[in-house]
Amino acid sequence: TTPVVIAIDGPSGSGKSSVSKAVAARLGLAYLDTGAMYRAATVWVMETADLEDPTSVATAVRAMPLVMGVDPAAPGVELDGRDVATTIRGTEVTTNVSKVASNLEVRAELKRRQREIIDQESSPTEAVLSGGRGIVAEGRDITTVVAPDADVRVLLTASEEARLRRRSLEVHGAADASAVDATRDQVLRRDRDDAKVTSFHTAADGVVTVDSSDLDFEQTVQAVLTVVAQQT
Ligand code: C5P
């Protein structure tokens with residue numbers, strides 16, 4: 001069988017990480033969380049550079065010793081030999097990540113690294129994890145910039161209300177009115193900042209939209225698997 005590349009984009013709270021991971025696991029594919037790379041870059045910049053100086057940020061990220069794991073069952077993020085999978089989900093990183101991600105030199109560098117991982121996992125001879133079966137890569141600009149040539153391209157959307165509810169459950173363990181309110185500002189501000197450099201609210205030509213607002217997790221995974229079956 002020929003290797004397959006599946007690209008999935010979406011805003012925060014769309015469920016794209018958990019859905020992409022499940023799709024990769026069920027199809028025996030590798031999995032790349034590109035948001036985790038921007039988050040790791042943010043940790044590295046906070047530790048070794050000046051967040052307010054774009055040249056310092058770009059230089060730091062180009063030299064960043066990052067190793068991404070691509071096993072959907074345990075996608076590791078190793079920065080300078082340290083496991084930072086938990087650190088990158090922290091509030092401070094989430095607050096600063098859009099600033100690092102808006103640096104165009106940072107984007108060029110991470111795009112190059114993402115392309116390398118995608119090419120490797122979709123090469124019949126070089127693939128490490130998937131044995132040449134391919135990869136699911138998810139983020140904000142995978143369907144449009146990183147892998148516009150992917151076999152399957154999906155934009156995973158959800159209503160603002162559904163996204164805030166999910167994010168709130170994730171961060172506060174609750175989705176009552178006050179927990180949702182506490183999440184709202186941060187989620188909407190990050191979406192607004194991200195939308196300045198990436199386009200993930202409307203589907204580009206040839207990209208299939210899956211709206212998960214009224215679907216539960218399993219139904220969303222099934223909807224994506226249906227698109228994959230139709231297009232491969
Ligand atoms: O998906 P996640 O919320 O972990 O992404 C973290 C941040 O990384 C986003 O808010 C965005 O700033 C950046 N990002 C990006 N392009 C991608 C993936 C993530 O700019 N392909």
Side-chain angles (χ1 to χ4, degrees), residues 5-24 31-46 51 54 57-58 61 64 66 68-70 72 75-77 79 84-118 135-148 150 153-158 160 162-164 166-171 183-201 203-204 207 212:
V5 175
I6 301 174
I8 302 182
D9 285 328
S12 90
S14 62
K16 79 186 140 42
S17 288
S18 42
V19 169
S20 299
K21 237 183 281 182
V23 167
Y31 164 72
L32 179 64
D33 176 356
T34 64
M37 296 175 76
Y38 283 95
R39 288 171 177 275
T42 304
V43 171
W44 187 246
V45 164
M46 287 172 8
L51 190 60
V57 168
V61 171
M64 168 174 66
L66 176 68
M68 291 300 294
V70 292
V77 187
L79 184 59
V84 294
T86 308
T87 315
I88 61 169
R89 306 287 160 200
T91 314
E92 214 188 341
V93 175
T94 303
T95 305
N96 289 325
V97 66
S98 298
K99 181 171 276 180
V100 173
S102 70
N103 184 306
L104 295 183
E105 288 176 76
V106 166
R107 301 201 71 79
E109 172 65 17
L110 293 192
K111 174 190 167 183
R112 191 186 59 73
R113 295 192 193 196
Q114 289 156 10
R115 208 48 254 190
E116 215 167 83
I117 296 169
I118 292 168
I135 186 166
V136 177
E138 56 107 337
R140 300 282 190 294
D141 63 346
I142 312 307
T143 63
T144 52
V145 176
V146 176
R153 293 183 299 154
V154 172
L155 180 70
L156 195 57
T157 60
E160 189 172 295
R163 297 194 295 113
L164 289 176
R166 284 180 198 149
R167 214 35 182 198
S168 175
L169 272 174
E170 210 175 282
V171 178
T183 320
R184 175 174 285 113
D185 281 355
Q186 200 188 46
V187 169
L188 298 186
R189 186 185 50 78
R190 186 150 65 96
D191 272 356
R192 217 166 30 240
D193 290 345
D194 290 341
K196 289 174 193 156
V197 281
T198 51
S199 163
F200 51 86
H201 285 304
V207 176
S212 71

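Treat the numbers as computed from the prediction; the structure is a model and nothing was measured. Along the sequence shown, residues are numbered consecutively beginning with 1. Counting convention: from 1, in listed order, for ligands and their atoms alike.
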Quick one: table the atom pairs, ligand 1 N or O against protein N or O, below 3.5 Å, distance rounded to 0.1 Å.
unit_1   : atom_1 : unit_2 : atom_2 : d
ligand 1 : 1 (O)  : Lys16  : NZ     : 3.0
ligand 1 : 1 (O)  : Arg140 : NH1    : 3.0
ligand 1 : 3 (O)  : Arg39  : NH2    : 3.3
ligand 1 : 3 (O)  : Arg140 : NH2    : 3.3
ligand 1 : 3 (O)  : Arg190 : NH1    : 2.9
ligand 1 : 4 (O)  : Arg39  : NE     : 2.7
ligand 1 : 10 (O) : Arg190 : NH1    : 2.8
ligand 1 : 10 (O) : Asp194 : OD1    : 3.4
ligand 1 : 10 (O) : Asp194 : OD2    : 2.5
ligand 1 : 12 (O) : Asp194 : OD1    : 2.5
ligand 1 : 12 (O) : Asp194 : OD2    : 3.4
ligand 1 : 16 (N) : Arg107 : NH2    : 3.1
ligand 1 : 20 (O) : Arg107 : NH1    : 2.8
ligand 1 : 20 (O) : Arg107 : NH2    : 3.3
ligand 1 : 21 (N) : Thr34  : OG1    : 3.1
ligand 1 : 21 (N) : Arg140 : N      : 3.0
ligand 1 : 21 (N) : Asp141 : OD1    : 2.8

Between the side chains of Arg39 and Thr34, is a donor N or O closer than 3.5 angstrom to an acceptor N or O? no

Once rounded to the nearest 0.5 Å, what's the spacing between atom CZ of Arg166 and atom CG of Leu169? 10.0 Å

Arg140: what forms a salt bridge (Lys or Arg N to Asp or Glu O under 4.0 Å) with it, not counting sequence neighbours? Asp194

Just by modelled atom types, is the Ile6 backbone N or O under 3.5 Å from a matching donor or acceptor in the Arg153 side chain? no

Sub-4.5 Å side-chain heavy-atom contact between Thr94 and Thr91: no

Please round to the nearest 0.5 Å and tell me the distance separating atom CD1 of Ile118 and atom CG of Leu32. 6.0 Å

